[in-house]
Amino acid sequence: ATFTLRNFSHLRATEEVVYSEPLHVYAITWRLKVYPNGNGVAKSSFLSVFLEMVRGAKQPTKYEYRVEMVNQRNPGQCVSREFGSDFEVGECWGYNRFYQLDSL
C-alpha cells in the first residue's frame, strides 16, 4: 500500500502526528503513524515513522514488515527499513530516527 504525505512542509509546521488510511491484511488492520517533525529524542531533527496494529491477534505475535520512503523531488534519496517486531493491538514499532529532516 502507498501513503503519500502531501504538503510536507505545512504538515511539519502544523501537525504533531499524521495517520495513514487503515490497511487490512487478512484479519489484521494496520496503519502508519508518522511524525513529520520527529518524535521524542528525534524531535525537530528526524522524520519518525511507526507501524501500528489497530486490530488483530489476541496474543502478541511477531510480524516482519518493511517501510519505504520515496523522496519525490530526488528519487535517489529513497529509504527502506525492514523490521521484525512482536505486536499487540494498539502497539507501534518503528523508528524515531527514520530519516534526517535536513536531508529532505
Side-chain angles (χ1 to χ4, degrees):
T2 301
F3 173 48
T4 302
L5 283 174
R6 299 191 193 288
N7 302 315
F8 181 76
S9 296
H10 177 72
L11 289 174
R12 188 172 170 209
T14 62
E15 299 295 327
E16 177 71 20
V17 63
V18 179
Y19 293 96
S20 70
E21 290 294 319
L23 172 65
H24 306 283
V25 180
Y26 301 107
I28 303 170
T29 304
W30 304 94
R31 69 179 176 182
L32 285 178
K33 185 176 185 179
V34 179
Y35 293 83
N37 198 38
N39 180 51
V41 297
K43 190 103 173 145
S44 301
S45 301
F46 287 83
L47 173 72
S48 301
V49 179
F50 299 89
L51 181 64
E52 179 180 16
M53 179 188 277
V54 178
R55 186 175 25 220
K58 297 187 187 317
Q59 300 286 17
T61 305
K62 184 168 188 159
Y63 295 92
E64 295 182 9
Y65 52 99
R66 182 175 63 221
V67 177
E68 296 179 334
M69 181 189 76
V70 176
N71 184 331
Q72 293 179 349
R73 290 187 184 167
N74 185 351
Q77 287 183 321
C78 296
V79 176
S80 179
R81 303 265 194 252
E82 294 187 23
F83 313 103
S85 304
D86 291 324
F87 279 92
E88 293 183 50
V89 173
E91 202 164 42
C92 298
W93 289 97
Y95 278 102
N96 274 324
R97 295 181 173 139
F98 187 78
Y99 196 79
Q100 193 163 11
L101 291 170
D102 290 347
S103 298
L104 288 176

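These figures come from a predicted structure and were not determined experimentally.
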Give me the atom names and distance for the closest heavy-atom approach of Phe87 to Leu51.
CE2-O, 3.3 Å
Same apolar cluster (I L V M F W Y, side chains within < 4.5 Å links), [X]/[Y]:
{"X": "Tyr65", "Y": "Val25", "answer": "yes"}
{"X": "Phe8", "Y": "Val70", "answer": "no"}
{"X": "Val18", "Y": "Phe46", "answer": "no"}
{"X": "Leu32", "Y": "Tyr19", "answer": "no"}
{"X": "Phe83", "Y": "Val34", "answer": "yes"}

Under 3.5 Å donor-acceptor pairs involving side-chain atoms of residues 89-104, not counting sequence neighbours:
unit_1	atom_1	unit_2	atom_2	d
Glu91	OE1	Glu88	N	3.1
Trp93	NE1	Asp86	O	2.9
Asn96	OD1	Asn39	ND2	3.0

Relative to the ring of Phe50, is the ring of Tyr35 parallel (under 30°), tilted (30 to 60°) or perpendicular (over 60°)?
perpendicular
Spatial distance of atom CZ (Arg31) from atom CG (Leu23) [nearest 0.5 Å]:
12.5 Å
Rounded to the nearest 0.5 Å, what separation is found between the OG1 atom of Thr2 and the CD atom of Glu21?
13.0 Å
Taking atom CZ of Arg55 as the centre, report whether more than 12 heavy atoms of other residues, nucleotides or ligands fall under 6.0 Å from it.
no
Can you give each donor-acceptor pair under 3.5 Å made by side-chain atoms of residues 10-17, sequence neighbours left out, with the distance rounded to 0.1 Å?
unit_1	atom_1	unit_2	atom_2	d
Arg12	NE	Asn37	OD1	2.9
Arg12	NH2	Asn37	OD1	3.4
Thr14	OG1	His10	O	2.8
Glu16	OE1	Lys43	NZ	2.9
Glu16	OE2	Lys43	NZ	3.3

Within the 4.5 Å heavy-atom criterion, are Trp30 and Ser20 side-chain neighbours or not?
no
Would a 4.5 Å heavy-atom cut-off, applied to side chains only, mark Met69 and Leu47 as touching?
yes
